Amino acid sequence: METIVFYVFSTFMILSALMVITVHNPVRAAFFLVLTFFASAAVWLLLEAEFLAIILIIVYVGAVMVLFLFVVMMLDVNLAELKKGFVKNLPLAIIVALAMFAMIFMVVGGEQFGIQKFAVPERHAADYSNVSALGQVLYTEYVYSFEIAAVILLVGIVAAISLTLRRRPNTRHQKVEDQVAVKSADRLRVVKVETQPRKHTIANAEVEK
Amino acid sequence: MNFVTPDFMPAMPEIFLLSMLCVIMIIDLFLKDESRGATYVLSLIALIATAFLSFSNFSTESITTFNGSFILDPMATILKIAICIIVVGVFIYAKDYLKDRNMYKGEYFTLGLFGVLGMMVMVSAGNFLTVYLGLELLSLSMYAMIAMQRDSIVASEAAMKYFILGAIASGILLYGMSMVYAVTGSLDLATINKAVSGADRVVMSFGLVFIILGVAFKLGAVPFHMWMPDVYHGSPTSVTLYIASAPKIAAFAMMYRLLVDGLAGMQADWQMILIILSVLSMVFGNIVAIAQTNIKRMLAYSTISHVGFIIMGVVAGTQAGYGASMFYAIVYAIMSVAGFGMIVLLSRAGFEAENIEDFKGLNQKSPWFAFVMMAIMFSMAGVPPFLGFWAKITVLQEAVNSGFLWLAIVGVLASVIGAFYYLRVIKAVYFDKLVDETPIQASMDIRLTLSLNGMAILALGLYPTVLITLCITAFTRAI
């Protein structure tokens, strides 16, 4: 049963990964990438890496790919330009890809990574928790790497803000904070108006005449 | 599970720098544009204090902490001090350049400091994870620094190119690391080193090739050099200063950590690959540099040739060879920062002195800076008594000592070819007619730093033994 599930998802993964690079429409390519991530998450589940599988779906499928789709849809990608040369370069690309595949397969194939070289990993008990196992090493053994990863995120924030934030004083935009902070005295000016005799009633009377 | 709190002391410089960075970022938030100088001064103080902390942390033995992810050895200490001092120079040169071009923002300095932190992490990395994370920290800061000049098309193009190629190189490096991890079962460099002999040879060399590829990209060795001329040329000179100097020191450290600390058992394999990279870089860099008229591009190709020499020292494969290579990396950074500093000196608001023509007749304008330029160029060409000569000769000596005589001969021939384009700049400075009559407008601090920098090239060239012995004993004593 498990083997069947593995082969089904692996086939899905490989086929959809192939589709990512061969379909013409970038939006479709992005969707196939989602499928690839989903299938690999399923394979991870079979390896008992439940936490990673869920993170892959939440972070990659849920956040990164949605953002990616937004960008692809918002940009005006010239499809004809992208397709140009695809057919012409295809034979060469296939030859190079197959050669690369054959060479990599010789190294990472069954001969080096087969079952006789690496024993089947032990099955964990049903109450084994991935999350607590990760949590135990994340803040102890790998605390240094963890902190640096946090600093990298900080750099990301600083970089994104410094690249996109630009103050343009000449544009006519609403200043929400000023609008909220406004007081009645700023808006309403009470002016003392001197009372005068009602001239317009006299004028009306003249018209009636 | 029992957990022992790691010893934080060896990582004190990094911890201090990160804390200072956070403080500087918060202060910078509340500063008005007129008082941006405070960020600049604070960044300089942070760098100098970090260098001082690294110095006071010096230990002759190799100390590891954080479960082996952090190594403090003499090499790490010396390189960290060198990186901090060089970035101080970079910031001083960059300040007025940024001001004149309306790019004087706090982010330049904070991202620069983040990059320094990344370099320091790389320099004392003890496992694959920290090597990679340090590298990413450095690279991300550099991509953002280049892209900050957002109205310039060339700068955006340079940032894009660097980002995409850098991401591919990082991916390849990670793939290689994953292969090595698969057969040795560890990310820790020391453990990998012990496991190499028992590991599957085929997969190990497969992983090794990918790792070297990633390192060669970061160093900019031929044939992974394509990004360098475009990125050096496209970036604002204030950023070129940064990416052309200190990161090469960090890249050398990364090469040493991965190949010697981690994969010393594969020396015969990586020596062959590095020889090819070294020869191609030296020959190609020096020949293509001849055709350049833009001095930033010329210096980029000259960097490629210098990288060939840095690799040559590692090829030698002895402790003294690594020392020579490290000496070369530091010397290169000193020369490079001075070379790009000259461009900043001659530039002014609305004018970039980036062509060799702009240096014509510099001697009539300012004999002193003409002399400094001559010192830099002679040093890069490897003419005695300047510093660059000693860097070249120590590397060549170690290559010959290890039996790579022909490699040394190729190196010498390549430098002879390279001397042509350095001498051409000196000819422009001394013998050509003055074209641009406007006097040099750079401020006093740039003049002073550049003079000091030029003097360092001459003085360290006259008394090179201190720095050379420091670099070589850093390796011999550590093991």
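Quick caveat: nothing in here was measured; it's all calculated off a predicted structure. Chain letters run A, B, ... following the sequence lines, proteins first, then strands; residues in each count from 1.
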**Q** Does any heavy atom of chain A fall under 4.5 Å from the side chain of B:Tyr175, the backbone, both, or neither of them?
**A** side chain

**Q** For A:Leu75, I'd like to know if atom CG has over 12 heavy atoms of other residues, nucleotides or ligands within 6.0 Å.
**A** yes

**Q** Could you check whether atom CZ of B:Phe16 has more than 12 heavy atoms from other residues, nucleotides or ligands sitting under 6.0 Å from it?
**A** yes

**Q** Sort B:Leu133 into side chain, backbone, both or neither according to what part of it lies under 4.5 angstrom from a heavy atom of chain A.
**A** both

**Q** Other residues, nucleotides and ligands only: do more than 12 of their heavy atoms fall within 6.0 Å of CZ on A:Phe70?
**A** no

**Q** Does CZ belonging to A:Arg28 count more than 12 external heavy atoms closer than 6.0 Å?
**A** no

**Q** Search all heavy atoms of A:Leu163 against all heavy atoms of B:Ala144 and return the closest pair with its distance.
**A** CD2-O, 3.9 Å

**Q** When rounded to the nearest 0.5 angstrom, what is the spacing between CD in A:Gln112 and CE in B:Met204?
**A** 13.0 Å

**Q** If I measure from the heavy atoms of chain A, does B:Leu18 come under 4.5 Å with its side chain, its backbone, both, or neither?
**A** side chain

**Q** With a 4.5 Å heavy-atom cut-off, do A:Phe113 and B:Val203 have their side chains touching?
**A** yes

**Q** Decide if atom OH of A:Tyr60 counts as having more than 12 heavy atoms of other residues, nucleotides or ligands within a radius under 6.0 Å.
**A** no

**Q** Checking heavy atoms, do the side chain of B:Met25, its backbone, both or neither come under 4.5 Å from chain A?
**A** side chain

**Q** Please classify the contact of B:Ala182 with chain A as side chain, backbone, both or neither, using a heavy-atom distance under 4.5 Å.
**A** both

**Q** Once the angle between the rings of A:Tyr144 and B:Phe70 is folded into 0 to 90°, is it parallel (under 30°), tilted (30 to 60°) or perpendicular (over 60°)?
**A** perpendicular

**Q** Just wondering, are more than 12 heavy atoms of other shown residues or ligands nearer than 6.0 Å to CG in A:Leu165?
**A** yes

**Q** Under the side-chain contact (heavy atoms from CB on, under 4.5 Å) criterion, do B:Asn67 and A:Tyr142 qualify, and how do the steps go?
**A** CA-CA 8 Å; B:Asn67 283 63; A:Tyr142 294 103; over 6 Å; no

**Q** Working to the nearest 0.5 angstrom, can you tell me the gap between A:Glu147 CD and B:Thr130 OG1?
**A** 13.5 Å

**Q** When rounded to the nearest 0.5 angstrom, what is the spacing between CZ in B:Phe114 and CD1 in A:Ile152?
**A** 10.5 Å

**Q** Is it the backbone or the side chain of A:Val143 that comes under 4.5 Å from a heavy atom of chain B, or both, or neither?
**A** side chain

**Q** Taking every heavy-atom pair that is under 4.5 Å apart, which of B:Leu140, B:Thr110, B:Val121 has the most such pairs with chain A?
**A** B:Val121

**Q** To the nearest 0.5 angstrom, please state how far the CD1 atom of A:Ile148 sits from the CG atom of B:Leu129.
**A** 9.0 Å

**Q** To the nearest 0.5 Å, tell me how far B:Phe66 CZ sits from A:Ser145 OG.
**A** 9.5 Å

**Q** For the residue pair A:Ser162 and B:Lys105, establish whether any side-chain heavy-atom pair is separated by less than 4.5 Å.
**A** no

**Q** Does atom CG (B:Asn102) have a neighbourhood of more than 12 heavy atoms from anything else shown, all under 6.0 Å?
**A** no

**Q** Is it the case that over 12 heavy atoms from other parts of the model lie below 6.0 angstrom from the CD atom of A:Gln179?
**A** yes

